[in-house]
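Please read the structure below before turning to the comments.
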Amino acid sequence: MSLQAILLAYASNSLRNTSIASAFSSSQRLATRHKPAFSSLMRMSTTASEPSTTSSSLDSSNSITKRVKTVNAVASDETVSIKGWVRTIRKQKTLAFVEVNDGSSLSGIQCVVGFDAVSEGTLDELSKVTTGCAVELTGTIVDSQGGKQNVELQAESLRVVGVCSAETYPLAKKRHSLEYLRTIAHLRPRTNTVAAVARVRSQLAGSIHSFFQKSGFVYVQTPLITASDCEGAGEMFRVTTLDLDNVSSLPMKEDEDGKETGGVDYAEDFFSKPAYLTVSGQLGAETHACALGDVYTFGPTFRAENSQTTRHLAEFNMVEPEMAFADLASAMENAEAMLKFSVGHILENCKEDLTFFSKFYDKKLISKLEKLVEKPFARVSYRDAIKYLQEEIAKDPSKWQFPEVEFGTDLATEHERWLAETKFESCVFVYNYPKKIKAFYMRDNDEDGGETVNAMDLLVPGVGELVGGSQREERLDVLEKKMAELDLIPEDYWWYLDLRRFGSVPHAGYGLGFERLVCYVCGIENIREAIAFPRFPGNAEF
């Protein structure tokens with residue numbers, strides 16, 4: 001007797017002489033004896049073909065049809081169900097071919113409905129089938145007679161779960177531009193490109209977590225709302241509950257005499273101080289690294305940068321590990337190992353999607369990813385990188401959009417890509433950047449009197465910068481001096497400075513823009529295709 005049947009019977013007074021505890025114990029032993037393998041549970045879900053509320057139906061295995069995801073479909077005599085959305089339907093005299101995609105794979109599965117082999121009810125349902133409608137089919141998976149797929153479903157029944165108007169469905173046509181698909185972002189996951197990106201993105205996220213967990217890192221969730229500007233750039237979204245629609249009601253700062261001094265008094269706001277959406281989880285991660293050793297964050301960050309480029313979003317995700325008792329070399333080694341692990345996982349587990357991207361977006365994608373995994377990353381100092389660029393640009397400055405390059409130049413994408421794609425023909429770490437173009441928390445280099453900081457960027461072919469990191473400044477006096485130079489208010493960072501007062505240690509870390517990694521692995525150019533609902537200047541739809 002199943003647990004559900006026991007509870008129903010008990011509720012109907014049929015088990016008044018049996019204790020619920022003993023009944024539960026008996027049911028638990030029975031369930032354990034017949035428990036399916038965990039791997040089987042991961043591959044399927046079950047669904048009742050004809051839902052019933054009677055206890056006998058709950059016991060009956062005949063009412064349960066195993067649901068199979070198309071990615072796991074193999075030929076078998078077992079009756080199974082396929083659930084998904086119709087991509088195409090072709091009807092002939094005696095049968096129909098219904099292509100169904102459930103999102104688990106690129107190809108989906110072809111379902112063959114023989115008119116003589118199904119009921120009148122199924123034929124009625126078949127007449128309602130259009131592109132985009134949701135369906136459930138039952139039948140057996142057999143070896144395909146055609147050459148386009150390995151297996152197909154010989155359907156015994158078909159049911160339309162959700163209708164879809166062929167006249168108004170925006171994806172009725174087969175081809176649409178990526179720009180158009182962004183205007184219907186709620187439907188674009190049904191297209192091949194966006195669905196493939198979503199699957200690769202999911203596998204990438206899982207592999208990154210797996211890498212850090214296997215490496216002994218602790219996963220920390222840092223706050224999205226902050227009073228600290230991690231980068232010191234000021235490009236932050238403000239968080240407030242003040243009524244901005246009623247300007248006259250805003251509390252204003254006043255002096256001792258009650259005269260307004262200009263500016264809003266945020267002491268009257270929700271957090272009693274100015275608050276923002278975070279640009280990085282790094283500062284929070286440092287607090288835990290200085291107690292737990294090795295930690296990482298993986299979550300959303302925000303930047304109010306008025307940029308419409310293919311590389312920038314206003315809302316994006318960052319992977320940010322922090323390592324105590326570590327230097328810059330440790331951070332570079334960890335970043336290289338993490339990327340090789342994650343990209344290797346994608347090569348092994350997303351072959352169908354990578355083949356699709358290679359066909360339609362980047363012919364050399366797979367070989368590029370294999371090279372990243374197999375070839376050691378190069379390393380070059382910023383000073384040497386500038387020297388190499390100056391020598392190359394001097395040959396023909398007209399080929400460069402930004403030909404003026406000197407010590408202190410913040411490298412443009414064209415400079416980064418030349419270093420990775422032409423000079424080194426591999427991923428390359430550029431390290432020891434000028435202090436004036438990097439963030440306040442990066443450690444000054446002693447050997448050049450603090451002219452440079454112990455920072456690095458990882459440049460990859462086809463993208464440019466993918467990772468940025470540094471050894472953090474662990475010396476309290478040096479850090480306080482740098483904050484003063486940037487007009488940062490020490491009181492806003494009192495807790496961050498405390499880490500330098502109480503048991504300070506050398507520590508290092510880096511940040512990986514997750515959506516940029518998705519673009520790189522999928523071979524797509526625009527970062528707006530790498531995230532479900534892109535946020536950028538002028539767009540916060542959906």
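In this chain, residues are counted from 1 in sequence order.
A cation-pi arrangement is found for K368 relative to Y520, the charged atom lying closer than 6.0 Å to the ring centre and inside a 45° cone about the ring normal.
A salt bridge links E336 with R379: the distance from a Lys NZ or Arg NE/NH1/NH2 to an Asp or Glu carboxylate oxygen falls below 4.0 Å. Electrostatic pairing of E352 and R199 does not count as a salt bridge here, judged by no charged N lying under 4.0 Å from a carboxylate O. With salt bridges taken as basic N to acidic carboxylate O contacts below 4.0 Å, none links D384 and K423. In summary, E515 and R528 do not engage in a salt bridge, as defined by a charged side-chain N under 4.0 Å from a carboxylate O. Ion pairing between a basic and an acidic side chain is recognised when a charged N comes within 4.0 Å of a carboxylate O; K148 and E99 show no such pairing.
Listed for the K273 side chain is no donor-acceptor partner under 3.5 Å among the backbone atoms of D492. Judged purely by atom type and a 3.5 angstrom limit, E414 uses its side chain to pair as donor or acceptor with the backbone of F402. Looking at S104, its side chain does come within 3.5 Å of a backbone N or O of V71 through a donor-acceptor pair. Under the 3.5 Å distance criterion, the side-chain polar atoms of T309 are matched with a main-chain donor or acceptor of R311. A donor-acceptor pair is defined here as one N or O able to donate and one able to accept, closer than 3.5 Å; such a pair exists between the side chain of R535 and the backbone of E541. Remark: side-chain polar atoms of S202 are not paired, donor with acceptor, to backbone N or O of A198 under 3.5 angstrom.
Looking only at side-chain heavy atoms (C-beta outward), F217 and N334 come within less than 4.5 Å of each other. The shortest distance between side-chain heavy atoms of L369 and L354 falls below 4.5 Å. Within the 4.5 Å cutoff, the side chain of T301 has no heavy atoms near those of the V279 side chain. At a threshold of 4.5 Å between non-hydrogen side-chain atoms, the residues Y169 and T130 do not count as touching. A heavy-atom distance below 4.5 Å is not found between the side chains of V453 and N432. Looking only at side-chain heavy atoms (C-beta outward), T409 and L389 stay at 4.5 Å or farther from each other. Between E473 and K481, the closest side-chain pair of non-hydrogen atoms is not below 4.5 Å. Inter-residue side-chain proximity for R188 and V197 is flagged as unmet; no heavy-atom pair is nearer than 4.5 Å.
Counted by atom type alone, N445 and E451 present zero donor-acceptor pairs between their side chains at under 3.5 Å. Remark: the E322 side chain and the H507 side chain contain no N/O donor-acceptor pair separated by less than 3.5 Å. For the residue pair Y441 and Q282, a side-chain donor N or O sits within less than 3.5 Å of a side-chain acceptor on the partner. T70 and S105 are linked by a side-chain donor-acceptor pair at a separation below 3.5 angstrom, with hydrogens and angles left out of the test. Residues D269 and T240 bring a donor and an acceptor atom of their side chains to less than 3.5 Å of each other.
Using the six-membered ring where Trp is involved, Y493 and F440 have ring planes that are perpendicular, over 60° apart on the 30 and 60° scheme. Relative ring orientation between F341 and F211 is described as tilted, the plane-to-plane angle lying within the 30° to 60° band. Below 30°, between 30° and 60°, or above 60°: for W400 and W418 the angle between ring planes is above 60°, a perpendicular geometry.
The two residues K340 and K375 have their closest heavy-atom pair at NZ-O, 2.8 Å. Between S426 and P376 the shortest heavy-atom distance is OG-O, 4.3 Å. Scanning both residues, T222 and A285, for their nearest heavy atoms gives CG2-N, 3.7 Å. Shown here for E391 and K395, the closest heavy-atom pair between the two residues is O-CG, 3.6 Å. Closest of all the heavy-atom pairs between C427 and V460 is SG-CG1, 3.6 Å. Nearest heavy-atom pair across D410 and I437 is CA-CD1, 4.1 Å.
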task = Could you please spell out the steps behind the side-chain contact (heavy atoms from CB on, under 4.5 Å) verdict for E525 and Y361?
result = CA-CA 9 Å; E525 292 185 0; Y361 292 96; over 6 Å; no
key: K436/E485 under salt bridge (Lys or Arg N to Asp or Glu O under 4.0 Å): CA gap, chis, key distance, verdict   = CA-CA 11 Å; K436 67 179 183 179; E485 291 172 354; over 6 Å; no
request  = List the steps and the verdict of ring pair (Phe, Tyr, Trp, His ring centres under 6.0 Å) for Y219 and Y296.
outcome  = CA-CA 5 Å; Y219 179 33; Y296 74 103; 5.0 Å; yes
key: ring pair (Phe, Tyr, Trp, His ring centres under 6.0 Å) evaluation trace for F302 with Y276   = CA-CA 9 Å; F302 310 85; Y276 310 90; over 10 Å; no
Pair F377-F424, ring pair (Phe, Tyr, Trp, His ring centres under 6.0 Å): steps then yes or no = CA-CA 9 Å; F377 292 2; F424 293 97; over 10 Å; no
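Within a 6.0 Å radius of CD in E406, other residues, nucleotides and ligands contribute 12 heavy atoms or fewer. When the shell of 6.0 Å around CZ of F542 is examined, it contains more than 12 heavy atoms from other residues, nucleotides or ligands. Heavy-atom neighbours of E179 CD from other residues, nucleotides or ligands within 6.0 Å: above the threshold of 12. The number of heavy-atom neighbours closer than 6.0 Å to CG of D448, taken from other residues, nucleotides and ligands shown, is above 12. Around atom CG of N306, no more than 12 heavy atoms belonging to other residues, nucleotides or ligands sit under 6.0 Å away.
Taking CE from M456 and CD from Q471, the interatomic distance works out to 11.5 Å, rounded to the nearest 0.5 Å. How far CG of L187 is from CZ of R190: 5.5 Å, rounded to the nearest 0.5 Å.
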